[in-house]
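The structure appears below as structure tokens.
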Amino acid sequence: MSDIVAVILAAGKGTRMKSQVAKVLHPLAGIPMALHVLRAVQDAGVKRRIVVVGHQANDVKETLGEEFLYALQEKQLGTGHAVQQTVDLWPQEEGPMLVLCADTPLITAETIKNVVEQHRRSEAVCSVLTAQVPDSHGYGRIIRDDRGYVQKIVEEQDADKREKEIEEINTGCYCFSRNELGVALRRLKPSNAQGEYYLTDVVEFFQQQQMKVAAVELDDYRELQGINNRSQLAEAEKVMRRRINERLMLSGVTMVSPESTYIDVDTKIGEDTLIQPNTRIMGASVIAGGCEIGPDTTIQESIVGGNTTIANSVVKKSRIGVDCTIGPFSYLRPGTELCDGVKIGDFVEVKKSVIGDGTKIPHLTYIGDANIGKRVNVGAGTITCNYDGVNKWKTIIEDGAFIGSSTNLVAPIRISADAIIGAGSTITKDVPANSLAVARGRQKNIEERGRKTNTISKKEKNKEDM
Ligand code: UD1
Ligand code: CA
């Protein structure tokens with residue numbers, strides 16, 4: 001497939017999205033919609049990919065990256081004009097020339113391969129990928145001649161009543177013979193009052209030159225549904241999510257409820273991991289095998305080791321080791337690193353901290369900017385007071401320390417190995433190894449100052465005696 005060049009049209013504004021963000025950058029299952037198309041083209045074996053950018057060109061280039069060639073279409077004068085801008089980047093020799101739209105992100109590598117193969121086998125100079133759709137409104141309609149070749153493609157606004165009834169539409173994906181496309185593009189004229197150049201007009205030109213245009217019909221039209229507004233974006237998202245879940249389930253991931261499981265396309269999940277309902281795993285997260293994730297859990301850009309359990313929790317940009325237990329109701333914020341066998345329990349928030357092997361933080365705790373060693377026990381209600389209103393300070397707790405419940409650790413502070421902190425302490429000075437630190441008011445018991453509810457009155461006593 002090394003002779004193939006693909007052009008991906010991504011210069012349009014996408015007015016119907018009503019957005020500050022370029023349409024082709026709107027994310028679908030975690031990556032910009034244009035990237036789905038570019039990856040499908042790559043998976044079909046095509047190396048040379050030219051992206052036509054125009055509207056918000058710099059944003060689009062920056063987001064998609066340097067992997068691709070770019071052609072700038074300064075004014076968006078139509079799909080034909082867009083392809084014209086790429087001609088300088090074409091190789092000299094003849095070969096198949098794919099043209100695809102960046103707003104049809106559900107296209108698969110198989111479909112692209114199929115279009116190219118059928119094109120190579122036919123005598124046509126152009127093969128148009130078409131589909132039968134239940135509602136053809138908005139698409140270019142395919143007019144076939146009596147031999148079944150494509151005679152022309154009529155856009156919605158130019159179609160008469162009879163043409164509008166045609167259910168076979170242009171998906172916007174084509175394979176051309178490069179030299180013929182080059183000639184046709186040079187002849188292209190504006191097609192409407194706005195002076196737009198339609199790529200679809202090259203079909204009529206070929207027809208006039210007695211050259212053949214073939215239609216390659218797609219089985220499932222949903223694969224090429226174009227995204228022009230946010231409702232269509234949500235539809236495509238559904239299809240993409242179903243595909244991702246299907247792939248993961250077939251590779252050994254159990255999903256109790258695939259309908260309520262939202263996994264991004266770049267997320268990896270190992271065998272025998274169980275995903276409970278209402279779970280969302282985002283970005284380039286990696287979940288190893290044998291884990292149980294969810295219910296009601298969001299994991300963003302994080303690495304999770306094998307056999308770890310995470311329930312009802314939110315995890316962002318964190319690294320979690322093997323055999324850990326997280327939740328229910330934990331919040332791991334960016335920069336959290338849990339080693340192996342760590343327990344983080346209910347209503348515990350951890351931020352930018354390293355927690356050593358076997359350490360337990362079971363309830364109601366805030367750990368921020370801390371470095372905690374191995375086998376430490378952090379009692380309920382412990383707070384690292386890491387912020388003095390201006391700066392953030394570090395808390396260091398060494399191996400084997402025991403932090404009593406309801407302790408305030410005023411940073412910067414170091415609790416050395418095997419130290420014990422008495423419950424309810426506010427610790428402001430470093431604690432040496434192996435010592436007990438208590439920092440709280442002494443208890444006073446004042447007699448006869450209680451509520452007296454236990455002192456039974458004479459009257460009641462009499463009643464009881466009766
Ligand atoms: C186009 C086709 C239509 C087809 C439909 C499939 C034409 C004239 N019409 O219509 O037959 O059924 O796609 O989805 O080709 N773009 C540019 N530069 C431009 C204009 C558009 O790069 O000047 C890009 C857009 O970013 C988009 C793609 O081309 O990715 C399609 O443009 P769009 O305006 O969505 O075309 P449709 O009206 O959907
Ligand atoms: Ca479109």
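All values reported here derive from a predicted model rather than from experimental measurement. One-based numbering, in listed order, for ligands and for the atoms of each.
- From the protein, the heavy atom lying nearest to atom 29 (O) of ligand 1 is L9 CB, 3.4 Å.
- A salt bridge is absent between D158 and K152: the closest approach of a Lys/Arg side-chain nitrogen to an acidic carboxylate oxygen does not fall below 4.0 angstrom.
- Neither the backbone nor the side chain of H55 has any atom closer than 4.0 Å to an atom of ligand 1 (non-hydrogen atoms only).
- Counting protein heavy atoms only, atom 15 (O) of ligand 1 is closest to T79 OG1, 2.7 Å.
- Taking all atoms of both residues into account, the shortest heavy-atom contact from V41 to A6 is CG1-CB, 3.6 Å.
- Remark: V322 engages D340 in a side-chain contact (heavy atoms from CB on, under 4.5 Å) (not counting sequence neighbours).
- Nearest non-hydrogen protein atom to atom 23 (O) of ligand 1 is G78 N, 2.7 Å.
- The protein heavy-atom contact nearest to atom 35 (O) of ligand 1 is D103 OD2, 3.3 Å.
- Residues passing the salt bridge (Lys or Arg N to Asp or Glu O under 4.0 Å) test with E180, sequence neighbours excluded: none.
- Using a 4.0 Å cutoff on heavy atoms, A10 counts as a contact of ligand 1.
- Among all protein heavy atoms, the one lying closest to atom 4 (C) of ligand 1 is N170 O, 3.2 Å.
- T309 contributes no side-chain N or O that, together with a main-chain N or O of E292, makes up a donor-acceptor pair within less than 3.5 Å.
- Within the protein, the number of N/O/S atoms found under 3.0 Å from the Ca ion (ligand 2) is 2.
- The ring pair (Phe, Tyr, Trp, His ring centres under 6.0 Å) analysis of residues 232-283, with sequence neighbours excluded, yields no pairs.
- Of the protein's heavy atoms, R16 NH2, 4.6 Å lies nearest to atom 34 (O) of ligand 1.
- Not close to ligand 1: H81, with no non-hydrogen atom less than 4.0 angstrom away.
- Between K189 and D201 there is no salt bridge, since no side-chain N of the basic residue sits under 4.0 Å from a carboxylate O of the acidic one.
- F176 and F206 have tilted rings, their planes meeting at an angle from 30° to 60° on a 0 to 90° scale.
- Contact annotation: I169 has no heavy atom less than 4.0 Å from any atom of ligand 1.
- Nearest protein heavy-atom neighbour of atom 16 (N) of ligand 1: G12 N, 3.8 Å.
- Atom 28 (C) of ligand 1 has as its closest protein heavy atom C101 SG, 3.7 Å.
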